[in-house]
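Report on one structure; see the data block that follows.
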Amino acid sequence: TFRWMMPTEGYGLELLNAGPIYEMPEGNDFLGGKGYYRWRFRAVEQGTTTFDGIFALSGCDIQDARRFNLTVKVMA
């Protein structure tokens, strides 16, 4: 099982919703289908939000996880 984790720090954004998005496979090829995970945010005030994204392939064990950092600045 895999798990996405997105701890945030700062202010300026508000989480609207999050969830998986799957492409419907052609024919009966369900093993070859693609899936994505999407977060939707709304800018609520000026500020900076930093995301520390973690994609763990083995559930809660994040030792060998793929990681990324993203900084978003909301300006008026």
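We're numbering straight along the sequence, starting at 1.
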Gap separating the [atom1] atom of [X] from the [atom2] atom of [Y], nearest 0.5 angstrom:
X     : Y     : atom1 : atom2 : result
Asn17 : Arg40 : CG    : CZ    : 5.0 Å
Thr50 : Lys73 : OG1   : NZ    : 9.5 Å
Glu9  : Thr48 : CD    : OG1   : 11.0 Å
Arg66 : Ile54 : CZ    : CD1   : 14.0 Å

Verify the cluster assignment for Phe55 and Phe68: are they in a single hydrophobic cluster under the rule of side-chain heavy atoms below 4.5 Å apart? yes
Can Phe41 be reached from Leu70 by stepping across I, L, V, M, F, W or Y side chains whose heavy atoms are under 4.5 Å apart? yes
Does Thr49 use its side chain to pair, donor to acceptor, with the backbone of Tyr11 at less than 3.5 Å? yes
Any idea which heavy atoms bring Ala65 and Ala56 closest together, and the distance? CB-CA, 3.9 Å
Please report the closest heavy-atom contact between Val74 and Glu45, naming both atoms and the distance. CG1-O, 3.1 Å
Contact check, side chains of Phe51 and Leu13, non-hydrogen atoms, under 4.5 Å: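 SC-SC contact between Phe51 and Leu13 confirmed.
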